[in-house]
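Atoms considered below: every heavy atom in the structure, side chains included; atoms not considered: hydrogens, waters and symmetry mates.
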Amino acid sequence: MALTGVQIFKLLPKTNCKKCGFPTCLAFAMALAQAKVDLAKCPDVSEEAKKTLGEASAPPIRTFNLGTGEKAVKMGGETVLFRHDKKFFNPCALAVNIKDNSSDDELVKIATGVVSSEMDRVGQKLRVDAISVEYASGNVSQYEKAVKLVAEKAPDAALILNCKDAAAAESAVKAVAARKPLLYGAAAENAEAMAAIAKTHGVPLCACAQGLDALSALTEKLQGLGINDLVLDSGAKTAKEIIEHNTQIRRSALKKGFKPLGFPILNCVIRDGSAFEAAVATVSIAKYASIVVLSSIEKWKDLALFTLRQNIYTDPQVPMQVEQKIYKIGEPSAASPLMITTNFSLTYFIVSGEVENSKVPSRLAVMDSEGLSVLTAWAAGKFTAAKIAQFIKDSGIESEITHKELIIPGQVAILSGALEDKLEGWKIVVGPREANAIPTFLKTRAS
Amino acid sequence: MAYVVPKESYNGKVLNVDFGKGDKALVIGGENALPFLSFEGELPNRPVIACEIQDTPPTDWPETVRNVYKDVSGDPVTWAKYCQNDLKAKAIALRLVSTHPDRDNRSAEDAAKTIKDVLSAINVPLIILGSNHIEKDASVLVAAAEAASGYNCIIGKAQEGNYKTIVAAALAHNHKLIAMSELDINLAKQLNILITQMGFDKEKLITDPMCSALGYGLEYTYSVMERIRLAGLMQNDATMQPPILGDVGMYVWKVKETVASEADVAEWGPLEERGTAWEALTATAMLIAGTNLLIMRHPKAISIVEKTIAELT
Ligand code: B12
Ligand code: SF4
């Protein structure tokens with residue numbers, strides 16, 4: 001657990017030599033407590049102090065990656081129980097499970113499904129992150145073959161080796177060690193063997209136990225065997241167990257500084273019925289899972305789960321925003337329409353998407369309104385006639401286009417009179433209320 | 001290191017609110033722990049899902065959900081009976097949209113008659129909702145409350161701009177009341193205070209902090225609900241202890257993901273699955289944040305959420 005400034009001070013040399021750049025050891029200690037400086041700035045600190053402070057400053061939930069490369073997923077590192085307290089940092093990975101005794105066609109289909117799952121939403125690229133290959137065949141070489149096939153067809157996906165048999169795990173890990181697969185996993189019976197494999201190949205290991213007592217004992221044992229990159233599976237099956245176990249794990253790590261549970265969580269939510277499975281996954285995503293294992297991926301389900309994950313993990317203090325400027329959509333000429341909206345990411349991406357759909361080359365003026373939606377910004381006095389007029393004048397757009405017509409969102413139709421007064425010579429056109437009516441609106445005007 | 005279950009101790013408790021009458025009456029609330037955490041408190045009543053109907057054919061609902069009701073939605077009584085008898089709805093929420101001045105502008109008397117007809121055709125509890133027009137609701141909900149006298153309904157929504165007359169009507173006819181504010185914990189608290197200052201019992205209130213759909217502000221509703229729950233339980237803030245409503249259907253069944261056909265957005269997959277999942281996931285997130293009462297539209301989405309509630313309790 002974090003130490004206070006005074007506790008840290010007691011561990012320092014107390015010479016006030018100023019080599020750290022602070023006037024006193026106490027001042028340095030205070031800065032350390034707020035994580036504003038690095039301990040290494042004090043050249044005289046003792047080995048013992050380094051060790052104590054190092055342990056105390058380790059994050060309460062260990063942080064490491066699932067997978068490798070650009071698309072690796074960062075797990076752990078969370079600092080709060082409720083997103084409104086600060087934010088949740090590392091969006092959970094979504095994984096799909098497939099049995100190794102599925103046909104090659106099915107294995108390839110899952111792998112390519114993961115590869116093509118990527119979607120753009122509100123400017124973020126979202127995807128299914130991982131494939132879990134389950135050892136169901138009982139045949140070591142078949143397992144290795146299936147793992148290799150999936151790995152080859154999905155070269156960027158993270159891999160989870162869902163296998164409790166040491167011999168099969170060993171051969172599969174060896175085959176894809178460079179991909180740093182998550183070995184899933186170690187239970188009380190096979191802890192030594194699995195730890196040895198994980199250690200030899202430098203891969204993370206999932207500890208699997210029934211209940212949090214047994215799980216804590218298991219992770220202590222695994223740490224004793226030299227494994228630090230651990231993932232937790234508490235054996236939670238029902239939605240009730242998922243929310244209760246995950247809450248207890250997160251609380252133990254954050255509020256009690258309980259190290260044996262200070263690791264990312266994996267939930268397996270496989271159910272009959274894909275939509276039901278998605279609903280249970282919702283519980284996991286909202287409440288603290290770092291990896292959610294599903295039985296199937298479908299476009300509609302991916303879209304819904306990606307969106308939910310994005311919602312839960314957005315920063316509650318700062319709405320997602322885009323840069324204030326006049327965006328060109330298609331290749332607008334000087335006579336193309338000019339529209340205006342706010343810089344809330346969601347608003348911008350919905351509106352620009354619909355303008356694109358219209359195939360009418362256009363300009364979209366995006367005005368800084370502190371990341372608020374059209375009506376919210378209007379209600380908060382950030383999307384007013386005066387501000388819009390100022391923005392349009394300052395933008396220099398008048399010299400770029402041959403007309404003086406500005407299309408405003410239908411929801412703020414009320415602004416049109418005042419805008420015409422403030423923007424001399426301009427004609428204000430009220431657009432539709434909802435963005436999905438924009439294509440018809442633009443096409444009708446163009447024809 | 002031995003593992004010790006990290007229990008929270010809560011000072012407060014969510015209030016119990018009952019609605020309906022006879023053996024179909026329901027109770028929501030009553031928990032003294034955060035949602036579904038049975039290891040540290042009592043969670044006596046499971047969340048309730050009410051099936052939404054309206055007093056005029058749902059021409060403004062997208063096809064996916066409109067089609068389900070196409071044979072019954074021509075009249076609210078048939079529609080209500082279908083929800084109760086065929087879909088086994090535990091409660092029905094009747095929205096009086098036709099009273100909206102921009103719709104059919106039907107009168108308060110018309111609304112009162114619809115309410116009477118529906119109430120005499122069903123025995124599950126009824127939630128009566130206005131058209132969300134501040135001025136019109138003030139007269140429509142007064143007439144509706146009177147028409148439903150003796151049925152222990154939930155009526156709503158009372159908002160800052162119209163709560164006085166609606167509160168008085170709920171008080172006079174002994175109904176429960178939904179108080180709605182706009183996504184802000186302080187506004188929710190203030191409205192509850194104003195309403196109880198009129199002599200309305202806080203044990204008859206339901207808070208609607210305003211819903212938003214998955215992908216369209218869900219995170220705001222989610223966090224406001226979590227904060228309301230924490231204030232009620234941890235700080236024992238009595239004004240933050242009424243059960244919470246999630247009016248999911250009306251916010252979900254208008255966003256693009258529930259409306260756009262697969263032909264238009266091939267990368268989003270089939271519309272029916274997408275739409276029902278959108279409603280089911282929005283509702284599930286609301287439950288996790290603290291919702292006690294959900295209003296939903298699609299029977300498939302409702303049954304998925306019922307199954308999830310069964311697994312959560
Ligand atoms: C989430 C939300 C918030 C969030 C802010 C989110 C954000 N980043 O903007 C929070 C909680 C902070 C908030 C605060 C407030 N809010 Co608010 N909020 C909402 C809510 C629920 C959703 C808004 C949203 O995200 N919409 C989605 C985006 C994409 O919509 P949009 O920007 O309007 O874009 C659409 C259209 O306008 C159109 N469009 C956009 N641009 C263009 C351009 C052209 C050319 C065209 C043709 C079309 C077009 O396309 C889009 C899709 O169809 C709405 C109610 C609702 N359900 O709609 C209330 C709402 C907007 N809020 C409202 C209010 C009053 C407020 C507050 C003033 C009061 C309060 N609660 O404290 C504050 C002000 C904030 C401040 N002072 O900083 C009111 C506004 C009422 C009014 N008519 O004036 C609303 C309508 C609630 C209500 N009364 O029902 N809010
Ligand atoms: S360098 Fe070390 S010993 Fe010197 S003042 Fe700073 S903290 Fe104290």
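Judged purely by atom type and a 3.5 angstrom limit, R274(B) has no side-chain atom pairing as donor or acceptor with the backbone of L303(A). E311(B) places no side-chain N or O within 3.5 Å of a backbone atom of T238(A) that could act as its donor or acceptor partner. At distances below 3.5 Å, not a single donor-acceptor pair connects side-chain atoms of E273(B) with backbone N or O atoms of A275(A).
In this structure, no portion of I285(A) lies under 4.5 Å from any heavy atom of chain B. Interface residue L261(A): only side-chain heavy atoms are found under 4.5 Å from chain B. Of the atoms belonging to E354(A), it is side-chain heavy atoms, and not backbone ones, that fall under 4.5 Å from chain B. Proximity to chain B is limited to the side chain of K287(A), based on heavy atoms less than 4.5 angstrom apart. Looking at N357(A), the atoms closer than 4.5 Å to chain B (heavy atoms on both sides) all sit in the side chain, from C-beta outward. Interface remark: P260(A) contributes side-chain atoms only to the contact with chain B (heavy atom separation under 4.5 Å).
Contact residues of residues 223-231 of chain B toward chain A are S223(B), E226(B), R227(B), L230(B) (heavy-atom distance under 4.5 Å). Heavy-atom neighbours of chain A within the stretch residues 39-50 of chain B, taken at a separation under 4.5 angstrom, comprise F39(B), E40(B). Against chain A, the residues from residues 242-259 of chain B that qualify, each with a non-hydrogen atom under 4.5 angstrom away, are K256(B), E257(B) in number order.
In this structure, E262(B) and K299(A) have side chains that are not in contact, with every pair of non-hydrogen atoms separated by 4.5 Å or more. Between F82(A) and L34(B), the closest side-chain pair of non-hydrogen atoms falls below 4.5 Å. The shortest side-chain heavy-atom distance between S252(A) and Y3(B) falls under the 4.5 Å cut-off. Taking 4.5 Å as the limit, every side-chain heavy atom of T282(B) sits out of range of all side-chain heavy atoms of L308(A). Side-chain atoms of S38(B) and E244(A), non-hydrogen and from C-beta on, do get closer than 4.5 Å to each other.
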Test side chain to side chain contact (heavy atoms under 4.5 Å, CB included) applied to E219(B) and Q310(A), step by step: CA-CA 9 Å; E219(B) 68 273 31; Q310(A) 189 179 46; over 6 Å; no
Side chain to side chain contact (heavy atoms under 4.5 Å, CB included) evaluation trace for H84(A) with Y222(B): CA-CA 9 Å; H84(A) 60 258; Y222(B) 183 90; over 6 Å; no
Criterion side chain to side chain contact (heavy atoms under 4.5 Å, CB included) on I288(B) and T282(A), from CA distance to verdict: CA-CA 9 Å; I288(B) 299 303; T282(A) 300; 5.5 Å; no
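For chain A, the option among V5(B), V4(B), L271(B) with the highest count of heavy-atom pairs below 4.5 Å is V5(B). When the candidates Y220(B), W268(B), F36(B) are compared by the number of heavy-atom contacts under 4.5 Å with chain A, W268(B) comes out ahead. Between chain A and the options L287(B), L281(B), T308(B), T313(B), heavy-atom pairs under 4.5 Å are most frequent for L281(B).
Not a single side-chain hydrogen bond (donor to acceptor under 3.5 Å, both in side chains) links T341(A) to another residue, sequence neighbours left out.
Cation-pi geometry between R121(A) and Y216(B) is met: under 6.0 angstrom from the ring centre, within 45 degrees of the axis.
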